[in-house]
Number of protein chains: 2
Amino acid sequence: MATMTAAQKREQARTDYDAFLRACPTNQLLDRLSDKWVSLVLAALSTGPMRYSDLSRKIAGVSPKMLTQTLRALERDGLVTRTVTPSVPVRVDYELTELGGSLAQLMTAVKTWAETHFDEVHAAREQYDAENA
Amino acid sequence: MATMTAAQKREQARTDYDAFLRACPTNQLLDRLSDKWVSLVLAALSTGPMRYSDLSRKIAGVSPKMLTQTLRALERDGLVTRTVTPSVPVRVDYELTELGGSLAQLMTAVKTWAETHFDEVHAAREQYDAENA
DNA sequence: CGGCATCCAGTACGATACTG
DNA sequence: CAGTATCGTACTGGATGCCG
C-alpha cells in the first residue's frame with residue numbers, strides 16, 4: 001500500500017521524530033542522568049571504590065537487578081570501572097573514573113542544593129496545599 | 001489475625017521502609033529532579049517567562065498532560081509562578097521564581113557537562129560495545 | 001487557549017530463585 | 001560473593017475528547 005491514512009502518517013512522523021530525539025546528544029545523557037539509581041550510585045562511589053555488596057547495602061532499597069543494570073550502564077559510558085579479582089570467593093570493585101568523578105561533583109552540588117533549600121520547598125508545598133484545600 | 005506470615009512481615013517491613021525513604025528530604029527532591037520533563041521545563045524557562053503553548057512548542061515531544069503535571073509540581077514546590085490573565089482567550093504565563101532560577105543554573109551546569117563530555121562518553125560506549133561483541 | 005478526565009498499552013521495576 | 005533468569009505487576013505516560 002503506497003497510501004497512508006492520516007493516522008498512519010502521524011504515527012510515522014512520531015516515530016521519525018522519536019528517532020531524531022534519541023540521536024540528540026543532550027537527550028541521551030539526560031535520560032541517563034535522570035535515572036534515580038544513577039545518582040545514588042554516583043553519590044555512593046564518590047567517597048571511594050566499593051564492592052558490589054557494599055553498594056547494595058549502602059544504596060537502600062535497590063534490587064540486585066537494578067544495581068547491576070545501573071552499574072553496567074555507567075561502565076559502558078566510561079563513568080565507572082569494574083575490576084574483577086579472581087579469588088575465591090570472587091571480588092568485584094567499582095570505582096569512579098575521572099569522568100565519572102567530575103559528574104559526581106555536579107550531582108553533589110545538586111544534593112547540596114536540595115539540602116539547603118529543602119525547607120523553602122517544603123514551606124511552598126504547605127502553602128500551596130493550604131490554598132488548594 | 002495477630003500472626004503474620006514471613007511474606008507479610010517482609011511486606012510490612014518494605015512498606016515501612018518506603019515510608020521512611022519518602023520522608024527523607026533528599027530523596028523527595030531527588031525524585032523530582034530526576035524527572036526528565038522537570039529538567040526540560042527548567043531549561044526552557046531559564047531564558048525568561050513563557051506561555052503554556054510556547055512551552056509545549058519549545059519542549060519537543062511533551063504531551064499536554066505531562067506538561068501540566070510537571071508545571072503543577074514545580075509550582076507547588078515554589079519553583080515557578082503561574083500567572084493567569086483573564087482575557088479572551090485566556091493567557092497563562094509561567095516564570096521561574098528566584099528559587100527555581102538557582103536550581104535552573106545547576107541544571108544548566110549539568111547540561112553543559114553533557115555537551116562538553118559527550119564525545120568522551122560516546123567513545124567509551126563504542127569501545128565497550130566493541131569489546132563485548 | 002489552557003487545561004482536565006478517562007482509558008489504555010508498554011515497560012520498567014521489584015520479588016524470587018538459581019548459578020559459577 | 002556477584003551476579004543472571006524469569007515472572008508478575010504497578011505505575012508511567014500517551015491518545016483522545018470535552019470544558020471554561
Side-chain angles (χ1 to χ4, degrees), chain A residues 5-15 17-18 21-22 31-32 34-41 49-75 80-95 132, chain B residues 5-18 21-22 31-32 34-41 49-76 80-95 132:
Chain A
T5 68
Q8 283 173 328
K9 280 185 187 169
R10 259 181 281 120
E11 169 64 19
Q12 180 64 38
R14 200 187 60 78
T15 304
Y17 186 67
D18 282 357
L21 264 191
R22 238 176 276 113
D31 280 349
R32 176 90 49 254
S34 63
D35 183 333
K36 179 187 176 186
W37 299 121
V38 166
S39 325
L40 292 173
V41 168
M50 292 188 83
R51 300 179 58 173
Y52 183 89
S53 49
D54 291 334
L55 284 170
S56 70
R57 241 171 288 114
K58 177 148 184 176
I59 302 176
V62 69
S63 64
K65 179 183 177 178
M66 290 318 296
L67 184 54
T68 300
Q69 199 173 105
T70 305
L71 286 168
R72 286 278 134 66
L74 291 175
E75 187 194 358
V80 305
T81 55
R82 177 171 178 273
T83 313
V84 182
T85 309
S87 55
V88 178
V90 190
R91 175 197 175 100
V92 180
D93 287 89
Y94 290 93
E95 186 173 7
N132 303 70
Chain B
T5 67
Q8 282 173 330
K9 281 186 189 171
R10 257 179 283 122
E11 170 64 17
Q12 180 63 39
R14 198 187 60 79
T15 304
D16 290 350
Y17 186 67
D18 282 357
L21 265 192
R22 238 175 275 113
D31 281 348
R32 177 87 53 256
S34 63
D35 185 332
K36 179 187 176 185
W37 301 119
V38 166
S39 326
L40 293 173
V41 168
M50 293 188 84
R51 298 181 57 176
Y52 182 89
S53 48
D54 290 335
L55 283 171
S56 70
R57 240 172 290 113
K58 176 148 185 176
I59 303 177
V62 69
S63 64
K65 178 182 178 179
M66 290 319 294
L67 184 54
T68 301
Q69 200 174 102
T70 305
L71 286 169
R72 284 277 137 48
L74 291 176
E75 187 193 358
R76 187 167 108 97
V80 305
T81 56
R82 177 170 179 272
T83 312
V84 182
T85 309
S87 54
V88 178
V90 191
R91 176 197 173 98
V92 181
D93 287 270
Y94 290 93
E95 185 174 8
N132 303 69

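To find a chain, count down the sequence lines: A is the first, B the second, and so on, and within it residues start at 1.
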Asks: What is the distance from CD of A:Glu75 to C1' of D:dG3, rounded to the nearest Å?
Replies: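 Atom-to-atom, A:Glu75 to D:dG3, this comes out as 13 Å.
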Asks: I need the CG-C1' distance between A:Asp35 and C:dA12, as an integer number of Å.
Replies: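 The distance from CG of A:Asp35 to C1' of C:dA12 comes to 10 Å, rounded to the nearest Å.
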Asks: Closer than 4.0 Å, any side-chain N/O of A:Arg82 to the OP1 or OP2 of D:dG3?
Replies: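 The answer is yes; a side-chain N or O of A:Arg82 sits under 4.0 Å from OP1 or OP2.
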Asks: Quick one: are B:Tyr94 and B:Thr81 in side-chain contact, heavy atoms under 4.5 Å?
Replies: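 No. Closest side-chain heavy atoms not under 4.5 Å.
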Asks: What are the two closest heavy atoms between A:Val90 and A:Arg51, and how far apart are they?
Replies: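 Looking at all heavy atoms of both residues, the shortest contact is O-NH2, 3.9 Å.
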Asks: For C:dG3 and B:Tyr94 - does any side-chain N or O of the residue sit under 4.0 Å from the phosphate oxygens OP1/OP2?
Replies: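 True: B:Tyr94 side-chain N/O within range (under 4.0 Å) of C:dG3 OP1/OP2.
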Asks: Under the salt bridge (charged side-chain N to carboxylate O under 4.0 Å, His left out) rule, collect the residues that match up with B:Arg57, sequence neighbours excluded.
Replies: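 In terms of salt bridge (charged side-chain N to carboxylate O under 4.0 Å, His left out), with neighbours along the sequence ignored, B:Arg57 is linked to B:Asp54.
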Asks: Side chains of A:Tyr52 and A:Thr68: is there a donor and an acceptor less than 3.5 Å apart?
Replies: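 Yes, a side-chain donor-acceptor pair sits under 3.5 Å.
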Asks: Round to the nearest Å and state the distance from B:Lys36 atom NZ to C:dT11 atom C1'.
Replies: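 One finds 15 Å between C1' of C:dT11 and NZ of B:Lys36, rounded.
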Asks: Considering just the side-chain nitrogens and oxygens of A:Ser56, establish if one lies under 4.0 Å of OP1 or OP2 belonging to D:dA2.
Replies: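 For D:dA2, OP1/OP2 do not have a side-chain N/O of A:Ser56 under 4.0 Å.
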Asks: Any side-chain N or O of A:Arg51 under 4.0 Å from OP1/OP2 of D:dA2?
Replies: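 So the side-chain polar atoms of A:Arg51 do come within 4.0 Å of the phosphate oxygens OP1 or OP2 of D:dA2, strictly under.
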Asks: Quick one: pull up CE in A:Met50 and CG in A:Leu55 and give me the separation to the nearest 0.5 Å.
Replies: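 The CG atom of A:Leu55 is 5.0 Å from CE of A:Met50, to the nearest 0.5 Å.
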Asks: Heavy-atom distance under 4.5 Å between the side chains of A:Lys36 and B:Asp31, does that happen here?
Replies: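 A:Lys36 vs B:Asp31: side chains touch.
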Asks: Expressed as a whole number of angstroms, how long is the span from A:Trp37:CH2 to C:dA12:C1'?
Replies: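 For the pair A:Trp37 CH2 and C:dA12 C1', the rounded distance is 12 Å.
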Asks: Go through residues 65-72 of chain B and report each residue with a non-hydrogen atom lying under 4.0 Å from DNA chain D, sorted by number.
Replies: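 The stretch gives B:Lys65, B:Met66 as the residues lying under 4.0 Å from the strand, ordered by number.
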Asks: Which angle, to the nearest 10 degrees, lies between the helix axes at the two ends of the helix from C:dC1-D:dG20 to C:dG20-D:dC1, each defined by five pairs?
Replies: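 Taking the rotation axis at each end, their angle is 50°.
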Asks: Return the nearest nucleotide to the side chain of B:Tyr52; candidates are D:dA2, D:dG14, C:dG3.
Replies: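 Among D:dA2, D:dG14, C:dG3, the one nearest the side chain of B:Tyr52 is C:dG3.
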Asks: Under 4.5 Å between any side-chain heavy atoms of B:Leu67 and B:Val41, yes or no?
Replies: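 Yes, close enough: below the 4.5 Å cut-off.
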Asks: Working to the nearest 0.5 Å, report the span between CG of A:Asp35 and CE of A:Met66.
Replies: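 The CE atom of A:Met66 is 6.0 Å from CG of A:Asp35, to the nearest 0.5 Å.
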Asks: With DNA chain D as reference, determine whether B:Val62 or A:Val90 sits nearer its 5' end, using the nearest nucleotide of each.
Replies: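 That would be A:Val90.
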Asks: Should B:Arg72 and B:Arg82 be marked as a side-chain contact (heavy atoms from CB on, under 4.5 Å) after you check the CA-CA gap, both sets of side-chain angles, and the distance that decides it?
Replies: CA-CA 9 Å; B:Arg72 284 277 137 48; B:Arg82 177 170 179 272; 2.8 Å; yes
